[in-house]
Amino acid sequence: MENILTTQKFKCSVSSVLNKDTKQHGKQYLYDEQDDTAWSSNEGTPQYIHIEFEELQTISSFAFQFQGGFAAKDAKVEIHGADNGVAYEQPFYAEDINAVQSFELKEPQSNVKRVKFVFSSSTDFFGRIIVYNLRIFK
């Protein structure tokens with residue numbers, strides 16, 4: 001399966017970065033395909049990751065690699081169409097582990113402009129989230 005974050009142009013924004021240290025913990029590490037870099041959020045909830053594609057996409061699944069102890073507990077994915085409204089929403093339940101976890105959309109989505117992952121709570125007491133890898137698949 002093709003990770004569209006490696007082939008398509010997009011903009012990414014996140015809710016926060018640990019200590020505002022974007023050089024060490026920035027959003028660019030979500031999709032750099034490196035196992036030794038990670039995005040780390042500050043404390044507090046909710047945290048989010050927002051991806052906006054330059055061209056409309058089709059999405060069927062996504063994968064996260066969290067750091068155990070800093071994983072999403074209560075999370076959802078929001079899919080936004082070209083009209084910017086929420087076209088589709090689905091909760092997902094990550095385990096508190098370091099392994100890559102894949103999540104299928106119940107209904108594959110086409111004409112996707114934006115994807116937002118919202119983490120309402122975390123396995124960390126302070127609400128921090130650490131993600132080594134995010135992948136989104138057609």
Side-chain angles (χ1 to χ4, degrees):
M1 287 198 314
E2 176 191 358
N3 174 11
I4 60 178
L5 296 180
T6 61
T7 61
Q8 301 298 314
K9 291 186 177 173
F10 64 91
K11 291 180 188 160
C12 176
S13 60
V14 292
S15 48
S16 66
V17 174
L18 184 64
N19 301 325
K20 296 184 178 161
D21 185 351
T22 55
K23 280 190 170 58
Q24 215 173 343
H25 305 288
K27 64 188 177 191
Q28 68 274 20
Y29 300 125
L30 284 166
Y31 43 83
D32 67 354
E33 295 283 308
Q34 301 297 312
D35 290 333
D36 58 348
T37 61
W39 165 65
S40 300
S41 77
N42 246 339
E43 327 185 327
T45 53
Q47 298 290 340
Y48 67 80
I49 299 168
H50 183 254
I51 305 285
E52 183 169 351
F53 295 103
E54 203 169 273
E55 296 177 11
L56 296 177
Q57 301 296 318
T58 297
I59 295 175
S60 64
S61 64
F62 57 93
F64 274 100
Q65 184 178 9
F66 294 101
Q67 179 173 317
F70 299 90
K73 199 153 87 178
D74 182 20
K76 69 178 177 179
V77 58
E78 294 177 359
I79 307 285
H80 300 258
D83 64 357
N84 286 330
V86 177
Y88 183 80
E89 195 173 292
Q90 178 179 312
F92 65 96
Y93 304 96
E95 293 181 63
D96 189 11
I97 56 174
N98 292 339
V100 174
Q101 301 176 64
S102 296
F103 304 94
E104 295 283 328
L105 294 181
K106 288 183 180 92
E107 301 167 29
Q109 299 296 304
S110 57
N111 297 319
V112 175
K113 181 69 174 166
R114 297 184 293 134
V115 179
K116 186 174 186 179
F117 299 97
V118 181
F119 311 112
S120 298
S121 64
S122 163
T123 57
D124 173 55
F125 180 75
F126 298 103
R128 294 170 293 191
I129 301 277
I130 299 177
V131 178
Y132 286 100
N133 282 297
L134 166 62
R135 296 179 179 107
I136 300 176
F137 303 103
K138 286 188 176 192

Run E33 and T6 through side chain to side chain donor-acceptor pair (under 3.5 Å) and show every step you take. CA-CA 9 Å; E33 295 283 308; T6 61; 5.9 Å; no
Practice task
Check whether I136 and Y31 end up in the same hydrophobic cluster, where Ile, Leu, Val, Met, Phe, Trp and Tyr are linked by side-chain heavy atoms less than 4.5 Å apart.
Solution key: yes
NZ (K116) and OG (S13) are apart, to the nearest 0.5 Å, by 8.0 Å
message: Please say yes or no: joined through hydrophobic side-chain contacts below 4.5 Å, possibly via intermediate residues, are F137 and F92 part of one cluster?
response: no
Looking only at heavy atoms, the pair that brings K73 and Y93 closest together is O-CD2, 4.5 Å
Measure from the side-chain N and O atoms of T45 to the backbone N and O of S121, and report whether any donor-acceptor pair falls under 3.5 Å.
-> no
(message) Quick check on the hydrophobic clustering: are V118 and V131 connected, directly or via other members, by side-chain heavy-atom contacts under 4.5 Å?
(response) no
So, Q47 side chain and N42 main chain: donor-acceptor pair closer than 3.5 Å or not?
yes
Side-chain contact, heavy-atom cut-off 4.5 Å: F103 with F117? no
Should I49 and F64 count as side-chain neighbours, where that means a heavy-atom distance under 4.5 Å?
yes
Does K113 offer a backbone N or O that forms a donor-acceptor pair with the side chain of E52 under 3.5 Å?
no
Do any N or O atoms from the side chain of E104 and from the backbone of S102 form a donor-acceptor pair under 3.5 angstrom?
-> no
Note to self: Would the distance check show the side chain of Y88 and the main-chain N or O of K106 forming a donor-acceptor pair, the cut-off being under 3.5 Å?
What the structure shows: yes
**Prompt:** If we only count heavy atoms from C-beta on, is the W39 to I129 side-chain gap below 4.5 Å?
**Reply:** yes
| request: May I ask you to decide if N3's main-chain N or O and K138's side chain share a donor-acceptor pair within less than 3.5 Å? | output: no
Rounded to the nearest 0.5 angstrom, the CD-CG distance for Q101 and D96 is 9.0 Å
Q.
Has S61 got a side-chain atom pairing as donor or acceptor with L105's backbone, closer than 3.5 angstrom?
A. no
In this structure, CD of Q57 is separated from OG of S60 (nearest 0.5 Å) by 12.0 Å
Exercise. Answer yes or no: is there a donor N or O on one side and an acceptor on the other, between the side chain of N111 and the main chain of G81, under 3.5 Å?
Key: no
message = Is there a path of hydrophobic side-chain contacts, each under 4.5 Å between heavy atoms, that joins V112 and Y48?
response = no
query = Could you walk me through whether I59 and I4 pass the side-chain contact (heavy atoms from CB on, under 4.5 Å) check?
reply = CA-CA 9 Å; I59 295 175; I4 60 178; 4.1 Å; yes
For G127 and S41 the tightest heavy-atom approach is O-OG, 4.1 Å
Taking atom types as modelled, is there a side-chain donor on Y29 or Q34 under 3.5 Å from an acceptor on the other?
no
Here the pair of heavy atoms bringing Y132 nearest to T37 is CD2-O, 3.2 Å
Tested for side-chain contact (heavy atoms from CB on, under 4.5 Å) against N133, the lone hit among D35, V100, L5 is D35
Original post:
Counting only N and O atoms by type, is there a donor-acceptor contact under 3.5 Å from the side chain of K27 to the main-chain atoms of C12?
Top reply: yes
Can you confirm whether Q67 sits close enough to N98 that some side-chain heavy atom of one is under 4.5 Å from a side-chain heavy atom of the other? yes
d(T123 OG1, F66 CZ) to nearest 0.5 Å is 8.5 Å
Exercise. Do L30 and L18 sit in the same hydrophobic cluster, where Ile, Leu, Val, Met, Phe, Trp and Tyr count as joined when their side-chain heavy atoms come under 4.5 Å apart?
Worked result: no
Check whether any side-chain heavy atom of R114 lies under 4.5 Å from a side-chain heavy atom of H50, and answer yes or no. yes
Q28 side chain vs T22 backbone, donor-acceptor pair below 3.5 Å
yes
